[in-house]
Each structure stands twice: as structure tokens, then as C-alpha cells.
Amino acid sequence: MDSANRQRIELLFNRSQSQQLLLDLTGSQALAAVFSEPASHRTLQIKGSEIHPGVVDDAKLSLVKTAGERFANALLELGYNKAFTLSLLSCRPAELVAVSFLPQALFEQSPGPAAGNPVVVA
Amino acid sequence: MTIRLEQIRPCLEGLVPSTIATCDSNGVPNVTYVSHVHFVDADHVSLSFQFFNKTRQNILANPQATVVVIHPATAAQYRLSLLYRTTEQSGALFESMKARLAGIASRYGMEGVFRLLGADIYQVLDIEDISIQTLPVPIDREPLIAVRQLLQELTRSADLDSLLDSVLNGLATYFGIQYSLVMLADNNEGKLFTVASRGYTNSGIGSEIPIGFGIIGMAAKVQTTIRIAYAAAEYHYAQAMRQFYGHDQGAGALETDISYPGLQNPGSQIAIPLGYGDTLLGVLYAESETAECFTYQDEDALVSIALVLGRLIATEVDTHSSQAPIRPMAPAIEKQANARQKDPISVRYYTRDGSVFIDQQYLIKGVAGKIFWRLLQHHQEDGRLEFSNRELRLDKSLQLPEVSDNLEARLVLLRKRLAERCPEIAIEKCGRGRFHLVVARPLILGAEEK
């Protein structure tokens, strides 16, 4: 979450993994991202627009590291060893790119027949 | 270097969830997790269609999709560019995916939530390696050498009995598969019967299951291999039989006096149909107490073995030829001579279902029961001890079907049931298509209508 106004979400990508994605974002200004909590299967999809590039600073690199560790610990309980998850999430700091977007719609994505339903935020 | 789909098959085992991105006709993207991307062939994958969700709507409007799959050991990631082609809602691929999904659902505690509505088939247009850092590739077993060794033994087998023993022993020796069995098909009655098993406390020889139920019955029905990597209750024997008895029963009366030998709660299962041309001959089945026991490599190996086994069962073993040398009768006659001094065995036969009881204990019923009774009648009438498959085929009282009568399999079944339940009466092969009846105690025969 963009800390300045708490309106936008920022995503960090490895450039080498996301060249087509970055081109598409520039062209379409539309984005969909899925977030899941593995232990509970609770999953949400956020769709957004107004894509802006961001900067990657030391504070964000530190966040990437912390988030990776937490995710690896969470998956440990589900049988995925830590080396596996950390390899999956590995990045080269020099090639990280930041992109932020303005959320427009939220969708339920937890497995089940309700998956895909819009979530109305009060 | 172009990556071929076969090279990334470990990613297509449903061990790590994948993600799929699609767009609607206005270009609005959608991204979601998908529990299983299934290998179909060198150019196609299929994805489980479980709910009519946004992904489903999108691919119908715009067939392009992007999927990221993950290698379960190395964490390598591959991006697949896909083109949606069609959806299958029944048949081999559908049933194979449905069973696989049931296992995955059980792994994630999602039984009753994951339900396959269709197998969405996509053409793979491109595969891109997008890994940043990967773990070393684990040293794998080499199944091809095991296939080679097992087939060498298989092709040396002289008859159905030794062929079946040879394949199940080979699975244990060369693949470390502890529990396995072979069921052969009674296509006229819509059921399968156990003719060989290995590793179980109770051999279950003679036990039956209906075609179309459980993993073995379904593999037989759609004639495709079904492999499940986790404990999937709906494919366990007990559940399959509940479904069968709750269903409009198409199969003939099932053998219920002999228990199915398999594990009650297997962690991994694989069922491979045995066939010859389009004819279903039976099913080769293996299971393990542990999950993730059978890989796609095991599947390839076992399917290759099953192809050979099917052909051997159909063409080599069950012939009418009697050219092989006949062993001397001496041992059988000797036993027969000694038999007269011992206590008699009571054999009762019930014509209604062909069931046979020896000293009030159930032995067998159906075709094998009828054959046994016929042999004992001949023996009683004229003291005969030697018989041929050919004369049984010509014997109108047995009413064997003209095509695929499974006679050799029925004799194996009968021989094994006798060995387990009444070793004083035995069937011993004495040449191709010929056998001896060995009777070590006097018999008192009685038949009843009911």
C-alpha cells in the first residue's frame, strides 16, 4: 500500500520476468492482481487502473525481504520447504521495478462457487 | 532454446498451484489460481473447469491465456502462452482429471468444493523460462531400466498364472511397489474379478468390483490410466461400493463373500487398463500408503508394461494349442491312490449361482464354480484326472461365451482359491491348455437347486 495517501497499491517485479507485462501495463492502464493466504485459502483479486511507475529504494527492498521470509514461513506449515519458497520469490535487487495502481474493484477468489463475485467494501 | 512441454512435466503434476491470466473482449485482465494444469500431449494441456467464473467467460470471448507453472522440486517457473481450444465433459481425459482433482482437493481440505465440470483443453503456443533462482534438480530414479528388466521376465512366462505373478513380483522388485493386483474383466457381466494380488494380508482372489466404480472400475470403463497422488475418499473401495449400491445397478450380481484385498485408505493409487485392440481385458492396479508415490515417469513405465501385458494375456497365454509336452501323471495318480484311505470332503454345489461350498465353507461361485463342479462330476463318474481347456469350451453345460470367455483366468482363479481354501483338491497345469485335477481325499458330492 502506498503510504503517502493509502489509496494506491504498489507491486514490485523482476524486470526480466515481466517485460511483456510492463509493456501491457503501459498500453492498457489496466491491471489485475491476486492475493492469497495459503493456510486459509482466503483469496482476493483486485483490479485497478491509473498505473504509475515507482522507485525502488532500500526501504522497499527491505520490505521485499521481510515479506518473502513471512511467506516462506507460512508455506513451511503446508509442506513447502523454505529454500523452495525463497527460490520462488528470489529477485535481483538491481532489476526490481515498482508499479503502483489505483484499486477499482475487489473480487472474492477463495475456492468455491462464490469465486468471482464482487466484494462490496462498506 | 525452445522448451518442450515434455521437459516441464514435473510442473504439471498438481503439486504446486499455478496462476492463469486472461482478458475479456474489452481487454480487462483477470488473474486467478488454478489447482491443476494437466499434461495432455506434447502440444496441449488441460485446466480444470470447476465453476462458471470470470476465467471461463473470458476464454470463451477471447481464447488467449497465460499460465505460470512451478517446478515442485527446483522452484523453476515457466510461463505458458495458451490458446483455448475445447472443453471435454466426459470420457478418458475428463475422468482422469476428475480423479486427480479429487486427490488435490483432499490434500488442501477442499473435498466437496473442488468439483470438475469440464476439462478445458488449451494448445501450448510458447513456453518461457522465467526463473531467477532455482534449486538443484534432484537425482531421479531411472524407470526405463526397470521396464527393461521387468519385460524380460514377463516375456519368459509360460502361462497366465506365471505371467501375472511375474508382473506383480517385478513391480515389487524393480519399482519398489509393495501393493499391487490384477483384475480381469467379465465384460458380459460388467464387472472385474481379482486374479492376482501381491502384498496384502488377504489375497482377495475372486473378489469383484463393478466396471465404472472406484478408481479401478473407472479406469476400466473409460480405458484410461487414472493416477491419484493423495488420499481421495471418493475413489476408495468402500465409497465406490456405496455409490454402486446406491446406483441403478448395471453389473451382474457381485461376489460378496470374498473381500476386496486393497488398502482401506491408500495415499497414492494408479490404475492402468489392460486391453487388446478396443477390448478391455482388465486393470493393473498399484497403491501405496504414502502420498505422491507414483510420478508421471512411473505412469509412463507402468503403461508401457501394461501394453505388453495386455497383448501377452490376449495372444500368447490363452491358446487352444496342446502342443506343449504333457508332464507325467504319476504324482497325481499317487496322491489319488492315497486319497482312498482318508476322511472324505463334502462338496456342495448350488445350481442357481454356481456357488460351491467345501465342508460348509464357501469356495467360489459363478463361472469358476460351474467349471469346478463339472470337473468333479467327470472325476466322480469315470475317475478322470486330466482335462483340456478345449473340452471345457465345447461343454454346453458350462455356457461359456463364444468370445473372450476368460477360461484361463477362471482356471487361475479356481486354482488359487483351492490352494487357499482346500489344498486337498488342486489344479496343476500339465501342458499348454491342459491340466490335472489332484484329489488327495475322497469326495462326497451333492447338488442343490436353490
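Note that these values count all heavy atoms, side chains included, but never hydrogens, waters or copies made by symmetry. Letters A, B, ... are given to chains in the order of the sequence lines, protein chains preceding strands, and every chain is numbered from 1. Computed from a prediction, not measured in an experiment: that's the story for all the values here.
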### Task
Quick one: list whatever passes ring-ring contact (aromatic ring centres under 6.0 Å, His included) with B:Y122, sequence neighbours left out.
B:Y84
#### Entry: A:F107, part contacting chain B, at a heavy-atom distance under 4.5 Å
neither
### Partner chain A: residue of B:S35, B:P72, B:P17 with the largest heavy-atom pair count (under 4.5 Å)
B:P72
### Summary
Rounded to the nearest 0.5 angstrom, the CG-OG distance for A:N14 and B:S131 is 11.0 Å
### Query
Looking at side-chain heavy atoms only, is the closest gap between B:Q133 and A:R92 below 4.5 Å?
no
### Message
With heavy-atom distances below 4.5 Å as the criterion, would you say the side chains of A:S16 and B:I132 are in contact?
### Response
yes
### Query
Based on non-hydrogen pairs under 4.5 Å, which of A:P111, A:A115, A:G116 is most in contact with chain B?
A:P111
### Query
Relative to chain A, which segment of B:R115 carries a heavy atom at a distance below 4.5 Å: side chain, backbone, both, or neither?
neither
### Task
Check the surroundings of atom CD in B:Q264: do more than 12 heavy atoms from other residues, nucleotides or ligands lie under 6.0 Å from it?
no
### Query
chain A: which of B:T134, B:N53, B:T66, B:T32 shares the most heavy-atom pairs with it under 4.5 Å?
B:T32
### Task
Answer yes or no: does atom CD of B:Q297 have more than 12 heavy-atom neighbours from other residues, nucleotides or ligands under 6.0 Å?
yes
### Task
With rounding to the nearest 0.5 Å, note down the distance linking CD in B:Q77 to CG in A:L89.
8.0 Å
### Message
For a 4.5 angstrom cut-off between non-hydrogen side-chain atoms, does A:S87 reach B:L135?
### Response
yes
### Task
First locate atom CD of A:Q17, then atom CG of B:D129, and finally report the distance between them rounded to the nearest 0.5 Å.
9.5 Å
### Task
Pull out the residues in residues 31-65 of chain A that come under 4.5 Å of chain B, heavy atom to heavy atom, sorted by number.
A:L31, A:A32, A:A33, A:V34, A:S36, A:H41, A:T43, A:Q45, A:K47
### Task
Using a 4.5 Å cut-off on heavy atoms from C-beta on, say whether the side chain of B:V16 contacts that of A:F84.
yes
### Query
Is chain A contacted by the side chain of B:V68, its backbone, both, or neither, given a heavy-atom distance below 4.5 Å?
neither
### Summary
In terms of heavy-atom pairs under 4.5 Å with chain A, the winner among B:I70, B:V28, B:T74 is B:I70
### Task
Give, as side chain, backbone, both or neither, the part of B:A76 having an atom under 4.5 angstrom from any heavy atom of chain A.
neither
